[in-house]
Amino acid sequence: MDESKGKSPEKLGEIVRNEIDSNSMGSFDHTHRKLKNRHIQLMAIGGTIGTALFVQIGQALTKGGPASLFIAFTLWSTFILAINNCLSEMVTFIPISSPFVRFADRFVDPALGFCAGINFFIYEAALIPFEVTAFNVILQFWTDKIPLIAVIFFVLVCYTALNFFTVRYFGESEFWFASGKVILAVGLIFFTFITMVGGNPIHDAYGFRFWNPAAVEGAPFAEYSDLGTGVTGRFLGFLACFIQASFTIAGPDMVSMAAGEAQTPRHILPRAFKSVFYRLTAFFVLGTFCIGTIVSYSDPKLLAAISDARPGAGSSPYVIAMQRLEIPVLPHIVNALILTAVFSAGNSYVYNASRTLFGLALDGKAPALFKRCNRNGVPIYCVLATLAFALLSFLQVSNNSAVVLQWFVNLVTASQLLNYAIICFTYLRFYQAMKVQGISRDTLPHKSFWQPFSGYYGFTGTFIMAFVGGYSVFLPGKWDIPSFFFSYTMIGILPVLFLYWKVYRRTQWRRLEDITFFEKERLLVDLDEEDYPVQDSTSLVSRIWNIIWT
């Protein structure tokens with residue numbers, strides 16, 4: 001039981017402050033709350049938009065067609081919304097560093113917190129070298145004369161500068177880079193609607209031609225011909241799009257990782273979480289509709305670009321459409337904004353991985369060294385460990401080593417889905433504990449809707465999809481050992497991590513009536529928020545800002 005139970009807020013505040021003063025390296029969070037509302041809002045947007053929306057999504061289009069792509073991304077958005085509901089309620093109530101990792105410890109079992117933290121850290125850290133080398137690939141759209149080693153060195157130095165000194169640098173960089181992502185996503189949506197009615201150099205009012213079976217054979221539902229034909233082929237095409245969606249759409253976890261460093265989390269975070277639904281609708285649902293509208297799934301140029309793995313925006317369905325419509329310059333603008341999106345993604349992974357390691361250290365699941373913060377509240381040793389992991393980027397200099405790196409990235413592809421399943425399961429325990437202890441959810445800073453249905457819905461979908469991702473290896477004649485291990489290794493490793501910590505530390509499954517809700521940490525949040533009073537401006541500029549971003 002938490003020793004703070006039954007004490008008045010004033011007495012508890014005094015106890016907490018005394019403990020911090022007597023043990024500066026205790027289990028308390030020593031990061032600084034320097035991320036402002038605009039930082040969090042744009043980090044939330046940046047976390048939901050990746051390069052997959054602009055480039056890799058073309059592969060899914062060729063397998064399933066425009067209708068399958070649109071339906072799959074729309075359907076998967078409902079699962080992300082369910083995950084968002086679960087996270088928003090817990091994180092706005094308890095806005096601490098590495099929240100969902102520590103929630104798994106407190107609300108379920110310390111062993112689950114351990115395997116969740118290791119899983120998320122490895123996933124985020126493994127994607128840093130992938131994004132660093134992707135940065136070089138994007139550059140090759142213009143030139144291949146820049147040495148790879150120079151590009152890697154430049155990007156890693158930038159990540160160090162933005163993450164090592166103060167979180168404000170990271171927040172500002174994500175604000176501007178995420179703004180570029182938004183400009184790109186919104187611009188491409190407008191590009192679609194303008195060109196489809198004839199607003200292009202060749203005056204081709206193509207409308208919904210590529211959805212019309214009379215114009216494009218097989219549209220709008222394509223057959224995944226590599227795996228099947230007829231109804232089976234169309235279903236497998238839809239499934240390929242659904243799998244692509246499950247690995248493409250993200251966002252709620254990115255918002256939650258900033259909870260421990262938000263200035264006024266009770267005020268800022270509910271807005272950020274609430275706006276996730278609108279971003280999903282605007283950027284992914286509408287975005288996939290546009291992609292299926294501007295180019296045919298069977299376009300020879302699109303198929304050739306994908307098979308040739310053209311660098312940068314060269315494989316983007318939008319660029320293929322621009323070339324067909326004889327529109328100059330725009331492909332270069334798209335590639336430039338994709339370049340900023342890639343840089344931003346790697347920067348976010350450095351932040352998320354370092355804060356995950358910090359959260360593990362706070363709960364005693366990583367060496368105490370990683371609890372240390374510099375005078376600006378940055379967990380410097382966590383950042384250093386993450387950047388050391390990023391040095392794997394230099395494996396790309398050697399072709400043989402590059403293959404190993406790609407294998408490593410492929411191994412963690414299921415980690416995101418497993419992470420989401422853990423989040424939903426953790427919320428269900430949180431929900432049940434509050435109910436058993438007689439705590440009304442109406443007292444929470446933010447009460448999400450459709451609960452506990454969202455928890456069950458999100459858990460079921462993400463857990464099943466973690467196993468479905470590599471289904472093709474079980475089809476007749478498709479067995480492939482490397483593909484099997486790439487798809488299911490992390491699914492096998494997670495139970496091993498759980499059992500290891502449970503046996504090593506002899507942890508106990510949390511009883512609902514004994515679960516505590518980070519009373520001391522929540523009091524510290526309340527005390528911190530007194531230093532940053534909410535000042536909602538009534539100026540016209542501020543009102544316009546809130547309409548756009550919140």
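Here the side chain of T356 pairs no donor or acceptor atom with the backbone of G117 at under 3.5 angstrom. The backbone N or O of F484 lies less than 3.5 Å from no partner atom in the side chain of S487, so there is not a single donor-acceptor pair. No donor-acceptor distance shorter than 3.5 angstrom exists from the side chain of D253 to the backbone of Y420, with no hydrogens or angles considered. Checked by atom type and distance alone, the side chain of S393 pairs as donor or acceptor with a backbone atom of A390 at under 3.5 Å. Distance alone, capped at 3.5 Å, is enough to place a donor-acceptor pair between the E223 side chain and the G230 backbone. Between the side chain of N119 and the backbone N or O of S415 there is at least one donor-acceptor pair closer than 3.5 Å. In terms of modelled atom types and a separation under 3.5 Å, the side chain of E261 and the main chain of L35 share no donor-acceptor contact. Checking side-chain atoms of T460 against main-chain N and O of Y457 turns up no donor-acceptor pair under 3.5 Å. A donor-acceptor contact shorter than 3.5 Å is absent between the side chain of R102 and the backbone of L362. Formation of a donor-acceptor pair under 3.5 Å by the S246 side chain with backbone atoms of I243 is found in this model.
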request  = Kindly determine whether Y471 and F467 satisfy ring pair (Phe, Tyr, Trp, His ring centres under 6.0 Å), including the steps that lead there.
outcome  = CA-CA 7 Å; Y471 79 96; F467 288 88; over 10 Å; no
ask   = Going through the distances and angles, do M490 and I493 end up as a side chain to side chain contact (heavy atoms under 4.5 Å, CB included)?
value = CA-CA 5 Å; M490 287 307 298; I493 288 178; 4.1 Å; yes
inquiry  = Run L188 and C290 through side chain to side chain contact (heavy atoms under 4.5 Å, CB included) and show every step you take.
reply    = CA-CA 8 Å; L188 291 176; C290 291; over 6 Å; no
request  = Tell me, with the steps shown, if F498 and F114 meet ring pair (Phe, Tyr, Trp, His ring centres under 6.0 Å).
outcome  = CA-CA 7 Å; F498 180 87; F114 173 74; 9.8 Å; no
key: Stepwise side chain to side chain contact (heavy atoms under 4.5 Å, CB included) check, I128 with V350   = CA-CA 7 Å; I128 299 170; V350 172; 3.7 Å; yes
query = Would L444 and I439 count as a side chain to side chain contact (heavy atoms under 4.5 Å, CB included) if you check the C-alpha gap in whole Å, the side-chain angles of each, and the deciding distance to 0.1 Å?
reply = CA-CA 9 Å; L444 298 177; I439 303 174; 5.7 Å; no
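For the atom pair NE2 (H446) and CG (N85), the distance works out to 7.0 Å, reported to the nearest 0.5 Å. Between atom CD of residue Q244 and atom OG1 of residue T288 there is a gap of 11.5 Å, rounded to the nearest 0.5 Å. For the atom pair CG (L269) and OG (S88), the distance works out to 10.0 Å, reported to the nearest 0.5 Å. The line from CG of D226 to CG of L236 is 10.5 Å long, rounded to the nearest 0.5 Å. Here C241 contributes atom SG and L61 contributes atom CG; the two are 7.5 Å apart, rounded to the nearest 0.5 Å. Note that CG of L75 and CD1 of I80 are 11.0 Å apart. Values are rounded to the nearest 0.5 Å.
A tilted orientation is assigned to the rings of F474 and W479, their planes being inclined by 30° to 60°. Ring geometry for F430 versus F517: interplanar angle over 60°, hence perpendicular rather than tilted (30 to 60°). Note: F103 and F107 have parallel aromatic rings, judged against thresholds of 30 and 60 degrees for the angle between ring planes. Between F238 and F235, the ring-plane angle classifies as tilted under the 30° and 60° cut-offs.
Here the closest heavy-atom approach between residue Q437 and residue L512 is recorded as NE2-O, 2.9 Å. In plain terms, the two heavy atoms of L392 and P129 that are nearest each other are C-CB, 4.0 Å. Closest approach of S256 to V91, counting heavy atoms only: CB-CG2, 3.8 Å. Closest non-hydrogen pair, V132 versus V155, comes out as CG2-CG1, 3.9 Å. Shown here for C382 and S354, the closest heavy-atom pair between the two residues is CB-O, 3.3 Å. Closest approach of P379 to F370, counting heavy atoms only: CB-O, 4.4 Å.
Residues F93 and K447 have side chains not in contact (no heavy-atom distance under 4.5 Å, counting atoms from C-beta outward). At least one side-chain heavy atom of V167 sits under 4.5 Å from a side-chain heavy atom of Y351. At least one side-chain heavy atom of L69 sits under 4.5 Å from a side-chain heavy atom of I291. A heavy-atom distance below 4.5 Å is found between the side chains of M465 and V468. At a threshold of 4.5 Å between non-hydrogen side-chain atoms, the residues V378 and C373 do not count as touching. Side-chain contact between V255 and L87 is absent, with no heavy atoms from C-beta onward closer than 4.5 Å. Here the side chains of Y297 and L302 are not in contact, with every heavy-atom distance at 4.5 Å or above. Looking at D363 and V101, their side chains never come closer than 4.5 Å, going by heavy atoms from C-beta outward.
Taking the ring centroids of F73 and W76, they lie at or beyond the 6.0 Å cut-off. When ring centroids are compared, F120 and F100 come within the 6.0 Å threshold.
Y381 OH: 12 or fewer foreign heavy atoms inside a 6.0 Å radius. Environment of CH2 in W509: crowded, with over 12 heavy atoms of neighbouring residues, nucleotides or ligands closer than 6.0 Å. Within 6.0 Å of the CZ atom in F247, the count of heavy atoms belonging to other residues, nucleotides or ligands exceeds 12. Shown here is F289, whose CZ atom has more than 12 heavy atoms of other residues, nucleotides or ligands within 6.0 Å.
In summary, of the residues considered (S454, P452, C86), a side-chain contact (heavy atoms from CB on, under 4.5 Å) with Y431 occurs for P452 alone. Here the rule is salt bridge (Lys or Arg N to Asp or Glu O under 4.0 Å) with D109, and of R505, K502, R510, R506 only K502 fits it.
Side chains of E131 and Y159: a donor-acceptor N/O pair is absent below 3.5 angstrom, by distance only. Side chains of S173 and N347: a donor-acceptor N/O pair is present below 3.5 angstrom, by distance only.
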